[in-house]
Protein chains: 2
Amino acid sequence: MTTTMGRRTTAADVAREAGVSPATVGFVLNRTKGQTISEGTRARVLAAAQQLNYKPHQAARALRSGRNKIVLLVLPDWPLEHSLRTNLEVLTHALAAHGYALITFTPQPDSAATPLWAILEPAVVIGYEPFSLEQITDMKSLGIRNIIPMPGTSADQVSTDFASGPRLQTEYLLGLGHRRLGYAHPSDPRLKEFIKARLQLVNEVCAEAGGRPPIVREVQYQDDSGRAAAAAWQEAGVTAVISYNDETAADVIAGAVRSGIRVPEDLSVVGHDNSPLAARYMPSITSIALDMERLALYMAGLAMHLAEGHPLPDPPTVAASLVCRESAIAR
Amino acid sequence: MTTTMGRRTTAADVAREAGVSPATVGFVLNRTKGQTISEGTRARVLAAAQQLNYKPHQAARALRSGRNKIVLLVLPDWPLEHSLRTNLEVLTHALAAHGYALITFTPQPDSAATPLWAILEPAVVIGYEPFSLEQITDMKSLGIRNIIPMPGTSADQVSTDFASGPRLQTEYLLGLGHRRLGYAHPSDPRLKEFIKARLQLVNEVCAEAGGRPPIVREVQYQDDSGRAAAAAWQEAGVTAVISYNDETAADVIAGAVRSGIRVPEDLSVVGHDNSPLAARYMPSITSIALDMERLALYMAGLAMHLAEGHPLPDPPTVAASLVCRESAIAR
DNA sequence: GAAAATCACTAGTACGTACTAGTTCGTGGG
DNA sequence: CCCACGAACTAGTACGTACTAGTGATTTTC
């Protein structure tokens, strides 16, 4: 133990131990290209670093080099779906493989708290939603140059086309012989745009099949909106309901059953996202599974491309597939 | 706009603009005590900083002062309960109010990835579980001095007594007249110790009431263990089941109903954690709500106490309360 | 009225790294 | 034999901040 108990080991300590200059230590440890180091020296430096348990000081490194290994992912305020959380895990691993740390963060619109990027000053900031001009200005004044999405650059968007999910839901129910459909969505105002987009897709598929658009209802578990919706749908002759996500599907089923409508015998229900709830509910919920892996790898590649010129990855495709369970059957 | 478009604004720029020295800028902006600054100068510096949109460079600040405003919370590998996630939110806010950023992170035991503390070098690292000696050595070699839990210091633990939850579950069912109880828990091996502790408490309450210990069963939604458990309980005359959490309670209910056992008429079930699932399930699940606010405030206080000598907060108590729903009724 | 104390500042340095601009040495070409 | 050239290094600086050790003024004290 050569520990001086208190001060941390610096590159200068390693240099002294190895009998070389601090610069050489830097060259060896960073594998600086354009610099030739003899094999013996390299080994001595490496051994000294090992022995002293040298870890470069990140703040000093960041100050000098002007970059760090932090990627900040700004999450939207809306509740994250199961598939997006999965996406995060894959993304975290993909970045970790290159020494990057992914930090996630949800800005609180009401809070006056410092945004996380001001404290971390990350190499890259990724947002699921576009940033406001104010936010971009703020980041730039902090020296953050890599922002995704950033109009006018290769990083101008990450959001992908999730069109196939709603299409699959609709086509599946139509294929089962259902003609009169319902659409259920949560009431969270932050989801408004997403609901609109998905509903639009459902409408398109219905129209292509020559059917009528679904009867749309807002459903949540906190009140009896599920019961009311179920009654309204029954009145209108609806035999199948497409739900925005699995949680809403559960609320639809609960509302129906509590109104004496059997699921799936009287009413079929499909969810979206293939969350654990879908498998756990009773009846279990037929749902849409999204394969987010390519999207995650794309985002990781994009981030590292901006941070240090890694090659640009291929644009992603998100594959959606139907997971059949108990909550939907043929008419 | 005095933007030089490229280089970020430094304290020197502000100094030049305000016609003072860089040191004065530092004194004004950091409110350095022991330094007197005339009102006029202070105002000029503040105005200049404002006008140039000056933001101190965090890496430089961290390098110079040897501390930063990052608190790293190391999450356990086990799945987080709803109440702990709530805890995180409160903790985040409490720290944000003092300019600290809370970052969470789950170490992957298999992964060779750099642990997040090596990249962030946070001021404080908090773990829900004790750290290994190896981890502590690693952090110390990175210059991290504030580690919670850290044996032999005021920060030697954070985990609190969650005794009242299981006690409440048991007392409630006994109070409803149930005499023969079951206990259901998930199979995740990472939860083993927690299950053991909670079961121990349930056993104690049963013994105090002069009853027999519950019949313990492992239940999960992926297989038919729920059905098997329900049958076994029925055979043994069990009329009420205590569940480790709400997810397991749902799995118990599903298993029972699929076996033709009615819930709550034939079998009462109580969950733990008061998650959204408990409200959403059918029947809705009677559960235990934990008030994590004080724990969160305690953790925040502890972290800031270590980081910069804020006063030590009071030790926490976690209040548990019963939320009555449909899944449990009197015998 | 001189010494001491206080006020309101400034010059300058250290933090630990990455990297530029050398310097020294050995070797091969002419 | 001298010069050029590359290999293998080193000296030294910049990054932006926080803060110590001053330095003139001005005010207080006896």
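Quick note on labels: first sequence line is chain A, next is B, and so on, each numbered from 1.
A donor-acceptor pair is defined here as one N or O able to donate and one able to accept, closer than 3.5 Å; such a pair exists between the side chain of B:Asn68 and the backbone of B:Glu121. The backbone N or O of A:Ala49 lies less than 3.5 Å from no partner atom in the side chain of A:Glu17, so there is not a single donor-acceptor pair. Here the side chain of B:His305 pairs no donor or acceptor atom with the backbone of B:Pro311 at under 3.5 angstrom.
Heavy-atom distances to DNA chain C give each of B:Ala23 and A:Pro22 a nearest nucleotide, and the one nearer the 5′ end belongs to B:Ala23. Of the two residues contacting DNA chain C, namely B:Leu63 and B:Thr24, the nearest-nucleotide position lying further toward the 5' end is that of B:Thr24. Nearest-nucleotide positions on DNA chain D place A:Thr36 closer to the 5' end than the other of A:Ser21 and A:Thr36.
Near DNA chain C, meaning a heavy atom under 4.0 Å away, the residues from residues 25-33 of chain A are A:Phe27, A:Asn30. Listed by residue number, there are no residues of residues 115-124 of chain B with a heavy-atom contact under 4.0 Å to DNA chain C.
The residue B:Thr10 sits close only to the backbone: its heavy atoms come under 4.0 Å of sugar-phosphate atoms, none of a base. Within 4.0 Å of A:Ala11, counting heavy atoms only, lie sugar-phosphate atoms of the nucleic acid but no base atom.
Here the side chains of A:Leu312 and A:Leu302 are in contact, with some heavy-atom distance below 4.5 Å. Here the side chains of A:Arg67 and A:Asn146 are not in contact, with every heavy-atom distance at 4.5 Å or above. For the pair B:Asp138 and A:Lys55, the minimum side-chain heavy-atom distance is below 4.5 Å. B:Ile103 has its side chain out of reach of A:Thr104: every pair of non-hydrogen atoms, C-beta onward, lies at least 4.5 Å apart.
Mapping heavy-atom proximity under 4.0 Å, the span of DNA chain C touched by chain B runs 5' to 3' from C:dC7 to C:dG16.
Classification of the B:Trp78-B:Tyr128 ring pair by plane angle, with boundaries at 30° and 60°, yields tilted.
Of the N and O atoms on the side chains of A:Ser83 and A:Thr86, not one donor lies less than 3.5 Å from an acceptor on the other residue.
A:Ser38 has a side-chain polar atom (N or O) that falls below the 4.0 Å cut-off from OP1 or OP2 of D:dC9.
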For this session: Mind running side-chain contact (heavy atoms from CB on, under 4.5 Å) on B:Phe27 and B:Val45 for me, showing each step along the way?
Result: CA-CA 10 Å; B:Phe27 293 142; B:Val45 170; over 6 Å; no
For this session: Would you check, one step at a time, whether the test side-chain contact (heavy atoms from CB on, under 4.5 Å) holds for A:Arg16 with A:Asp13?
Result: CA-CA 5 Å; A:Arg16 209 173 306 117; A:Asp13 297 330; 3.3 Å; yes
